[in-house]
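To start, the structure itself, in structure tokens.
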Amino acid sequence: MELFVRRYFGRSDSIRSTLTPDVIKEDTLRDDLRYYFMSPCEKYRSRRILPWKLGVQILKIIMITTQLILFGLNNQLVVSYQEENRMALKNLFLKDYSGMDEDDYSISVYTQQGVYDSLFYVLDQYSQLGNLSVGPIGYADDETGGVRPLVVCKRYYKRGTLEPSDDAYDIDAELEHDCFTCHPKSQTPCKTQNASFYSFEFYRLVDVEITFHLKGINLQSVRARELPDCYAFSVTITLDNQGHSGKMKIFMDIDSVSSACLEWKISGTAQKNTQYLLVFDVFVIMICIASAVLCTRSIVLAVRLLQRFTRFFQESYNRKLCDEDQSEFLNGWYLLIIVSDLLAIVGSILKMEIQAKSLTNYDVCSIFLGTSTLMVWFGVIRYLGYFEKYNVLILTMKAAFPKVLRFCCCAGMIYLGYTFCGWIVLGPYHEKFESLSRVAECLFSLLNGDDMFSTFAQLKDKNAVVWFFSRAYLYSFISLFIYMVLSLFIALITDAYDTIKNYQKNGFPLTDLHKFLRELSDFDSVEDGSQTGVGFNPLCCCQRPLALLFTLHRSFLVLCSRRLVMQCRRRRNAAESPCRGLACACVVSEQ
């Protein structure tokens, strides 16, 4: 049919003039629809228009990936500096620190002398920090230019007496605070100042908190030819006795904040390299803006084309488009690309601020850049989808997603039930069930067959009832989710994959849009009353028709005169005849 129409329209202007405006309008709309659903290569072969959008996307992928790699290398230096300083400070100020934290705290002590030794060790190390540390670190200054002092505070119950042997106690639960400050350059050592402060009544003592501030300079970035950052460290060491269990936990929290150094001078190419990176980031922003504009333009054109086709379909065939046909025009890939462009623009701006030393939040910038790069590479699948052998993944995900989503909602209810049950019963006896988040992580690991034996073995058999319950709990969860839920989940995806493979072999179900593009005319007749939505099944046009498809073959053309065409058009307009499309596929001959 396409070959005939091209030959027919190319014969002469007199023959072209014999066609009615409705036929020309229909053919024009069909050509626009075909062009819209073409791949970039097909569009180039059809109209010799360069695929600018594809070229912009390829250039954007290269630039954003390069930008991410450069930022990631710099971020690694920052993170490694912070981690190494955290380890160095723990070894400097924690007595008998082994280099590994005990669970969520650093170390623990069990004797009164151990508490005093740990406290005095911190004070002694702080007073002689300049002679101990091998790194560029020193005391922080206050607003007046002096050294910020170390602060020691203790919290304790206001009043109390305790006689464990007599099973008697008298406690006033109101807490009192007592603090004192110590300057590192003072002539009197900190542990001899305010000696009465260190007289602890341990049954009343809740915790002791030591706070001090330090500053350092990250010279690692010089190797990456970038300007070093200055860091402010806020260190808090807490001797926690809230449990009053005979085990005092010692926590060390270190908050680090980077900032631009006030006075600096460096020789070499570090500053010049920073300027080059700023220029590169500007180009990335420009490419992302161009990509977002092109994708927005495509969305607008697609909406206009959808409106044209919907209006034409309503006027010519008295039908509504089903949801599947309408979704063909709403390309979700464009929305994904626009979101990734916006994230890349924000991330690039934050990166420029960091390089200019106006901003120091690496984590937020990493989230924006990492998410944008993820979406950009995920969007590459769109172009692979134009090839029949590469679009199986997308088609399978699209077909299986509704069923998988409904299945996950049902399975999630059972999963939450096991999560709450494991937390409340096994939490006091098993470290993997101490919190809801850890229970969910542990069950997810068991679901994937990971770490099974250690989960069983780590539960101590001190309580026989809990031990038997844990076995029933774990065996039932593993049996239910691995052998049933996970198998059904895989079966849903396999079923969708088999369906797609069958469609690729035998052909996909034809919708009204596909029939129109193929110039088929077997649209079912719809009464006027159904246009309100009553009695109209929106999925009817998304199923394979049962009747024999009307196919136009090149060797068979129905010829009729101009008068017959006009009569058929009048009948169609008067709703007296089921003529559709190109006037019952009649065309005008040269006669």
Side-chain angles (χ1 to χ4, degrees), residues 73-101 105-107 117-153 181-191 193 208-239 250-268 270 354 357 359-363:
L73 295 175
N74 186 28
N75 193 25
Q76 284 182 356
L77 295 178
V78 173
V79 174
S80 64
Y81 174 78
Q82 293 177 345
E83 291 297 329
E84 291 172 3
N85 267 272
R86 185 175 291 106
M87 183 61 64
L89 293 177
K90 286 185 177 181
N91 281 275
L92 281 175
F93 293 101
L94 297 182
K95 182 178 176 59
D96 299 330
Y97 182 67
S98 62
M100 296 292 294
D101 290 346
Y105 51 90
S106 298
I107 58 176
D117 291 342
S118 299
L119 176 59
F120 293 150
Y121 184 82
V122 175
L123 301 180
D124 292 338
Q125 295 292 98
Y126 179 74
S127 61
Q128 51 183 342
L129 178 63
N131 300 326
L132 295 176
S133 176
V134 297
I137 195 169
Y139 302 113
D141 297 335
D142 56 14
E143 294 78 4
T144 61
V147 177
R148 297 188 65 174
L150 177 144
V151 180
V152 183
C153 295
T181 60
C182 176
H183 291 269
K185 297 182 180 180
S186 175
Q187 298 296 330
T188 306
C190 295
K191 64 181 181 180
Q193 298 180 11
V208 179
E209 188 176 273
I210 308 170
T211 305
F212 55 90
H213 301 272
L214 303 173
K215 282 192 174 183
I217 300 177
N218 181 16
L219 295 179
Q220 294 187 76
S221 58
V222 176
R223 295 181 301 170
R225 299 182 179 274
E226 292 193 10
L227 299 178
D229 293 328
C230 291
Y231 283 82
F233 299 98
S234 179
V235 184
T236 301
I237 300 176
T238 304
L239 286 72
I250 301 180
F251 298 87
M252 186 173 186
D253 298 324
I254 303 173
D255 295 330
S256 59
V257 178
S258 61
S259 61
C261 298
L262 299 179
E263 298 181 5
W264 57 271
K265 182 179 179 181
I266 187 171
S267 301
I354 291 174
K357 305 307 177 184
L359 187 68
T360 58
N361 199 331
Y362 282 83
D363 295 334

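Only this structure's heavy atoms are used, side chains among them; waters, hydrogens and symmetry mates stay out.
At a threshold of 4.5 Å between non-hydrogen side-chain atoms, the residues V152 and V122 do not count as touching. Between Y139 and L214 there is a side-chain heavy-atom pair separated by less than 4.5 Å. Residues N85 and S256 form no side-chain contact, since every pair of their non-hydrogen atoms from C-beta on lies 4.5 Å or further apart. Counting heavy atoms from C-beta on, the side chains of R86 and E83 come closer than 4.5 Å. By the 4.5 Å heavy-atom criterion applied to side chains, I107 and D96 are not counted as neighbours. You'll find the side chain of Y231 reaches within 4.5 Å of the side chain of Q82, heavy atoms only.
Atom OH in Y97 sits 11.0 Å away from atom CG in L89 (nearest 0.5 Å). Interatomic distance, CD1 of I250 versus OG of S118, reported as 4.0 Å (0.5 Å rounding). Distance check: D101 CG to M252 CE gives 10.5 Å after rounding to the nearest 0.5 Å. To the nearest 0.5 Å, atom OG1 of residue T211 and atom CZ of residue R148 are 10.0 Å apart. Note: I254 CD1 to K90 NZ = 6.5 Å, rounded to the nearest 0.5 Å. Remark: D117 CG to D124 CG distance equals 10.5 Å, nearest 0.5 Å.
Between Y126 and F93, the angle of the ring planes lies from 30° to 60°, which puts this pair in the tilted group.
Between N218 and L77, the closest heavy-atom pair is ND2-O, 4.1 Å. Shortest non-hydrogen contact noted between A232 and K215 is CA-CG, 4.3 Å.
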### Task
Report the C-alpha separation of F233 and D255 in whole Å, then their side-chain angles, then the decisive distance to 0.1 Å, and conclude whether the side chain to side chain contact (heavy atoms under 4.5 Å, CB included) test is met.
CA-CA 6 Å; F233 299 98; D255 295 330; over 6 Å; no
### Task
Could you please spell out the steps behind the side chain to side chain contact (heavy atoms under 4.5 Å, CB included) verdict for L94 and I237?
CA-CA 9 Å; L94 297 182; I237 300 176; 4.2 Å; yes
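Between the side chain of S133 and the backbone N or O of L129, no donor-acceptor pair lies under 3.5 Å. When atom types are taken as modelled, the side chain of Y362 and the backbone of Q76 share no donor-acceptor pair closer than 3.5 angstrom.
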